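Here the structure comes first, spelled out in structure tokens, and everything after it is commentary.
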Amino acid sequence: MSRSAFPDPTATASPTTRLTPKDAATLIVIDRSDGRLRVLFGKRGERHVFMPNLYVFPGGRRDRGDHALPYLRDLHPQVLARLAAGRSDATALRRGRALALAAIRELHEETGLFIGRTADGAAADLASLRYVARAITPPGNVRRFDTRFFLTFTDEAGIDPTNIRDSAELHDLTWLDIDAASGLNMPLITRTILEDVIDRMKADPSLPFGSPGPFYYSRRGRTFRGDI
């Protein structure tokens with residue numbers, strides 16, 4: 001489940017509560033197989049404490065064991081370097097890769113889609129993932145996450161868009177025209193990053209792996225946009 005958001009009036013914590021943001025990853029999946037651009041969304045259930053009844057991209061918190069998940073191909077070097085914030089030590093690279101592995105794991109758990117090999121033991125394929133944005137949930141929310149947003153295309157990832165299935169985390173899974181998707185009831189940060197992606201794809205539909213992206217964070221009640 002995609003858990004990164006800017007302030008949500010339905011999910012707030014005590015003003016005095018100080019929560020450390022947890023690492024999370026979200027995966028924007030775009031289908032361009034019929035000449036149109038369609039993006040995958042799912043609806044969070046009404047019983048969720050965080051962002052109930054909102055449409056989001058698949059994703060969720062990074063688990064402790066994600067760094068050890070098997071993979072077939074690594075991230076593009078420019079993507080991995082950006083995730084590691086320019087550091088080249090093994091710890092930073094492993095943490096960055098774990099975020100991408102978490103995004104693929106969550107995609108599979110929430111939608112049934114898997115990027116990689118499933119026969120003879122599942123192994124993710126990270127090679128098609130772009131790193132397109134980052135957002136930290138502001139203080140005052142009942143949950144806080146430091147979410148990295150990845151993006152892939154169904155044809156590059158080798159997945160069949162018809163194989164989606166609802167799950168306990170996301171239901172009403174649907175592929176929507178990317179320009180019409182903004183009409184959904186979604187978190188502000190989801191809408192903002194979707195608009196960022198649309199603008200960047202107008203400039204270059206392939207979204208090169210080295211493309212820059214936004215970093216949204218807040219300080220003293222104000223929202224800022226930096227670069228990842």
Side-chain angles (χ1 to χ4, degrees), residues 1-5 23-75 79 97-133 145 147-178 180-181 184-187 190 193-194 197 207:
M1 59 203 139
S2 179
R3 295 167 172 157
S4 64
D23 275 340
T26 289
L27 186 50
I28 304 169
V29 186
I30 295 178
D31 174 35
R32 55 187 179 186
S33 57
D34 65 355
R36 296 180 299 153
L37 295 178
R38 301 185 303 159
V39 62
L40 180 61
F41 278 96
K43 187 178 183 181
R44 288 173 57 78
E46 63 181 9
R47 296 185 179 181
H48 283 286
V49 174
F50 194 65
M51 300 196 307
N53 295 316
L54 296 180
Y55 283 88
V56 295
F57 307 122
R61 188 171 67 184
R62 177 177 63 86
D63 288 346
R64 181 174 298 178
D66 283 332
H67 73 278
L69 294 176
Y71 60 92
L72 299 173
R73 294 187 295 171
D74 205 351
L75 293 163
V79 172
R97 185 179 297 112
L99 288 161
L101 288 165
I104 289 180
R105 173 184 55 75
E106 288 282 346
L107 176 72
H108 180 59
E109 292 174 359
E110 295 183 344
T111 73
L113 299 176
F114 186 71
I115 302 174
R117 180 192 66 205
T118 55
D120 302 321
D125 188 347
L126 307 177
S128 70
L129 270 61
R130 283 89 164 151
Y131 175 31
V132 296
F145 296 94
T147 303
R148 280 69 164 191
F149 288 75
F150 296 90
L151 182 147
T152 191
F153 298 100
T154 55
D155 55 305
E156 290 186 6
I159 54 179
D160 183 349
T162 65
N163 286 339
I164 56 173
R165 55 161 175 75
D166 287 1
S167 66
E169 297 291 345
L170 291 181
H171 63 276
D172 194 24
L173 288 168
T174 184
W175 296 95
L176 289 177
D177 185 281
I178 197 168
L184 287 178
N185 182 24
M186 66 178 74
T190 303
I193 289 176
L194 176 63
V197 167
L207 275 183

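Please read these numbers as outputs of a predicted model, since none were measured by experiment.
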Qualifying residues under side chain to side chain contact (heavy atoms under 4.5 Å, CB included), relative to [X], sequence neighbours excluded:
X	answer
A122	F114
D63	D66, R105
S167	E110, R165, E169, L170
A157	I115, S128, T152, I159

Going by the rule side chain to side chain donor-acceptor pair (under 3.5 Å), which residues pair with [X] if we only count those two or more places apart in sequence or in a different chain?
X	answer
T154	D31
T162	D160
D34	R36
Y55	D172

- How would you list, by chain and number, every residue that makes a salt bridge (Lys or Arg N to Asp or Glu O under 4.0 Å) with R130, sequence neighbours excluded?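 E156.
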- Query: Got a sec, which residues hit salt bridge (Lys or Arg N to Asp or Glu O under 4.0 Å) with D74, two or more places apart in sequence or on another chain?
  - Reply: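 By the salt bridge (Lys or Arg N to Asp or Glu O under 4.0 Å) rule, D74 matches R97.
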- Results of ring-ring contact (aromatic ring centres under 6.0 Å, His included) for F41 - residues two or more places apart only: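 Partners of F41 by the ring-ring contact (aromatic ring centres under 6.0 Å, His included) criterion, ordered by chain and then number, come out as F57.
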- Message: Show every salt bridge (Lys or Arg N to Asp or Glu O under 4.0 Å) that has at least one partner inside residues 117-129, sequence neighbours left out.
- Response: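 Listed once each, the pairs are R73-D125.
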